Amino acid sequence: MSSVESWVEEVARTTRPNEVVWCDGSDAENERLIDQMLADGTLLPVNQEAYPNCYLHRSHPLDVARTEHLTFICTERPEEVGPTNNWMSPREARDRVWPLFDGCMRGRTMYVVPYIMGPVASPYSKVGIELTDSPYVVASMRIMTRMGKVALDRLERGATDWVPGIHSLGDLSPDRRFILHFPSSRTIWSIGSGYGGNALLGKKCYALRIASTMGRDQGWLAEHMLILGLESPEGDVTYIAGAFPSACGKTNLAMLKSPFEAEGWKVYTVGEDISWMNIGPDGRLWAINPENGYFGVAPGTSYKTNPNAMEVFRRNTIFTNVALTEDGRVWWEGMDGPLPERLTDWQGRPWTPASGTKAAHPNSRFTAPASQNPVLSSHWEDPRGVPLSAILFGGRRARTVPLVFGSFTWQHGVFLGATMASETTAAATGAVGVVRRDPMAMLPFCGYNMGDYWAHWLEIGQRASNPPTIFQVNWFRTDEDGKFIWPGYGQNMRVLRWIREVVRARAGSQSRETPIGLVPTVEAIGAEEVGISRQQAELLLSVDRDEWIREAEDQTAHLEQFGDHLPPEIRAEHRALLNRLK
Ligand code: GTP
Ligand code: SPV
Ligand code: MN
């Protein structure tokens, strides 16, 4: 018996499902699952004429986003996970959490879901197996990963380092919900949630938390990043990765519809949430997208903001927690057209504009195959990945942080990532709009001590002879009335064009050096061409010395919490920033 089979048997002896089903990933299997979920109400049909083969799932109202406070990294010593992770000892996990799996699948089917993270032909791709009692998770994993026979084939060809993950809905109570990661055995246990990153174990649990520890050990990086290709009128393509925290614009930037398409400027998507990056023989960082689909934020998506996304989920899509119109079409806040007079809200209740509530949950999402993206890069499954010229760090900052600025060196860029902050969003449970430090957009996803992680980033920059240039961006600066100054979305192309000039060392006259980094001129961005005043354009690109001194001083406590694990280079960059400001 193979190691996979004996593990499956062992888990079934504890969880006690009625039946064990091995998933092959076929259409026939998927149709059976969909029919079964339609029959038991797990899925509802949406208007099949407008949205062929699309369905709606309503999750439990207390299970609508990742739950960071119930997410743990399990190691022998707390120091290994650092001050920004929740820690649990493997012994406590066995004593406190494993008993919850005892009999948890009684009366249910346990699905064995083999999957590949990454293009089938890539040497950088890796296998995982998720055992789950949720058919919704199975159908979602089939969209989000290369699932089924293709993964078992890879194992049969000798891949031994597969990641075992056990998932059960449990009773869906947040009181008995745990998402545990064991970096030493590369194992994942998740119970009590059927939502998103808590339950689709390939995504945040494997491709970020476990993979980040693999990357530390093996000399590569697993990052919460989009990957895009920027095509210029000259026909060259500049590959750019970007780390923005959850619900801060990765999917939108990766699928950007260019307002300058007629002139030959275009964006192609390689990935929209996760990037695995290896140093290539040419000393550059090469990125693959480990995913096969998009689990994208629905609210705010429209033909105006993201027409390419509107095409992606036209068919073969599972919507979660969106609203429905009277004729069975999906709807959410920010959708094109007039506000409907009547809707069914995300919990299945009648809704009118007078209801005073959101019709779609703010973290409602679409799960759609990448292959349906009209601007999918022809290199998105390139086994080597794509070579990066730039890395962007971004967040939601109402004040202080300009639209874009470039770092002076790799080390300075790593410092920008280490100190970046953003306002919290509905992608995780908890307060929304609170500014928190979210280094590299990895605060909820780094599987080890964040200080050691920065040291790893610094080391990658040492080993790579030609690393990408690091930038910081902020689409979310607001004016005195609290309105976003920058129109964002497609207009972000203006920022990408300046970045391309910088990485080609041609942006000299279009830029000015400030204490925080290289900032474009108002003209370089064409900030006045988008209908904002000169004064607002200047505010957008301004670096206020007093605000930045406060910002830098506020970074001190954040950095010092890492103690001995804080790389001296990061402390030196912090001191250098304060010196430049004062
Ligand atoms: P995760 O999937 O949670 O990791 O999120 P993400 O980083 O992919 O964010 P996404 O692109 O889905 O955007 C989240 C929200 O921000 C949506 O409501 C978008 O409409 C909005 N958004 C994205 N880009 C922009 C922008 O350039 N400007 C403004 N104002 N809003 C934006
Ligand atoms: C995020 O929160 O960053 C997401 C959604 O991409 S989830 O898959 O739930 O993590
Ligand atoms: Mn994400």
Side-chain angles (χ1 to χ4, degrees), residues 59 63-68 71 137 140-141 144 179 190 193-209 223-228 242-257 269 271-275 291 293-302 304-306 308-310 312-313 320-321 332-335 358 360-367 392-398 403-404 422-430 432 438 441-445 473-478 482-496 530:
S59 73
D63 184 29
V64 292
R66 284 183 297 100
T67 39
E68 294 175 1
T71 301
V137 165
S140 300
M141 287 294 282
M144 294 302 296
I179 298 98
S190 167
S193 167
Y195 202 89
N198 285 347
L200 312 178
L201 301 188
K203 201 173 180 44
K204 300 300 163 66
C205 300
Y206 183 166
L208 290 178
R209 295 193 194 97
E223 298 298 327
H224 190 202
M225 288 184 186
L226 70 98
I227 312 162
L228 64 80
F244 313 160
S246 303
C248 290
K250 289 182 300 300
T251 302
N252 278 270
L253 190 66
M255 303 179 77
L256 179 149
K257 167 108 172 115
T269 318
E272 51 83 65
D273 197 50
I274 300 179
S275 170
E291 298 191 280
Y294 306 154
F295 183 59
V297 176
T301 311
S302 68
K304 209 165 117 242
T305 59
N306 192 350
N308 292 323
M310 299 297 283
V312 165
F313 51 67
T320 304
N321 292 344
W332 45 75
E333 280 68 21
M335 183 71 106
K358 302 249 192 238
H361 188 277
N363 191 39
S364 57
R365 297 209 174 224
F366 56 85
T367 309
L392 319 183
F393 290 124
R396 287 178 186 261
R397 294 296 299 271
L403 180 66
V404 57
S422 189
E423 293 154 20
T424 51
T425 65
T429 54
V432 167
D438 187 347
M442 284 287 278
L443 180 69
F445 308 121
V473 299
N474 176 27
W475 314 144
F476 300 95
R477 202 160 178 169
T478 54
K483 295 230 169 62
F484 294 128
I485 302 172
W486 182 244
Y489 300 104
Q491 296 299 343
N492 293 333
M493 188 66 155
R494 296 170 178 278
V495 174
L496 299 181
V530 298

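The analysis underlying the following values was restricted to heavy atoms, covering all of them including side chains, and did not include hydrogens, waters or symmetry mates. Along the sequence shown, residues are numbered consecutively beginning with 1. Keep in mind the model is a prediction, meaning the values are calculated, not measured. Note that ligands are numbered from 1 as they come in the structure, with each ligand's atoms numbered from 1 the same way.
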d(T429 OG1, N363 CG) to nearest 0.5 Å is 10.0 Å
One finds that the ligand 1 atoms under 4.0 Å from a non-hydrogen atom of R365 are 1 (P), 2 (O), 3 (O)
| message | With the threshold set at under 4.0 angstrom, would you say W486 reaches ligand 1 through any of its heavy atoms? | response | no
Judging by distance only, is a nitrogen or oxygen of K250 under 3.5 angstrom from one on ligand 1? yes
If we only consider heavy atoms of N492, is any one of them less than 4.0 Å away from an atom in ligand 1?
yes
H224 heavy atoms within 4.0 Å reach ligand 2 at atoms 3 (O)
At under 4.0 Å between heavy atoms, what of S246 touches ligand 1? The answer is both
* Asked: Would you say G488 and ligand 1 have an N/O pair spaced under 3.5 Å apart?
  -> no
* Asked: Can you tell me if E333 uses its side chain to pair, donor with acceptor, with the backbone of P362 under 3.5 Å?
  -> no
The closest protein heavy-atom partner of atom 6 (O) of ligand 2 is K204 NZ, 2.6 Å
Note: F295, heavy atoms under 4.0 Å from ligand 2, region reported as side chain
Given the options L226, V297, N308, N306, N252 meets side-chain contact (heavy atoms from CB on, under 4.5 Å) only with N306
d(T305 OG1, M255 CE) to nearest 0.5 Å is 11.0 Å
Polar atom proximity, E272 to ligand 1 (N or O, under 3.5 Å) = no
Atom 31 (N) of ligand 1 sits nearest the protein heavy atom Y489 OH, 3.1 Å
Within the 4.0 Å heavy-atom cut-off, what F484 brings close to ligand 1 is side chain
Atoms of ligand 1 under 4.0 Å from any heavy atom of P299, numbered from 1 in the order shown, are 17 (C), 18 (O)
Ranking Y294, W475, F476 by closest non-hydrogen atom to atom 29 (C) of ligand 1, top hit is F476
The reported gap from CZ in R396 to CH2 in W475 (rounded to nearest 0.5 angstrom) is 12.5 Å
Counting from 1 in the order shown, the ligand 2 atoms closer than 4.0 Å to a non-hydrogen atom of A427 are 2 (O)
Report task. Taking atom types as modelled, find out whether R66 and S246 have a side-chain donor-acceptor pair closer than 3.5 angstrom. Result -> yes
Min N/O separation D273 to ligand 1 under 3.5 Å = yes
Which atom of D273 is nearest the Mn ion (ligand 3), counting N, O or S only? It is OD1
Out of K483, Q491, R396, the nearest non-hydrogen contact to atom 16 (O) of ligand 1 is supplied by R396
### Query
Within the stated cut-off of 2.8 Å, is an N/O/S atom of K204 closer than that to the Mn ion (ligand 3)?
yes
Note: ligand 2 atoms sitting under 4.0 Å from heavy atoms of S246 are 1 (C), 2 (O), 3 (O)
Ligand 2 to G197, heavy atom cutoff 4.0 Å, flagged ligand atoms 7 (S), 8 (O), 9 (O), 10 (O)
Is A247 close to ligand 1, meaning an N/O of one under 3.5 Å from an N/O of the other?
yes
To the nearest 0.5 Å, atom NZ of K304 lies from atom NZ of K257 at 15.5 Å
Under 4.0 Å from one or more heavy atoms of K203, ligand 2 contributes atoms 6 (O), 8 (O)
Check the angle between the aromatic planes of F476 and F484 and answer parallel, tilted or perpendicular using the 30° and 60° thresholds.
perpendicular
Q) Any N or O of A427 that comes nearer than 3.5 Å to an N or O of ligand 1? A) no
Quiz question: by atom type and distance under 3.5 Å, do the side chains of N198 and T67 form a donor-acceptor pair?
yes
So the atoms of ligand 1 within less than 4.0 Å of a heavy atom of P245 turn out to be 7 (O)
ask   = Is it the case that W486 and N474 place a side-chain donor and acceptor less than 3.5 Å from each other?
value = no
So the atoms of ligand 2 within less than 4.0 Å of a heavy atom of D273 turn out to be 6 (O)
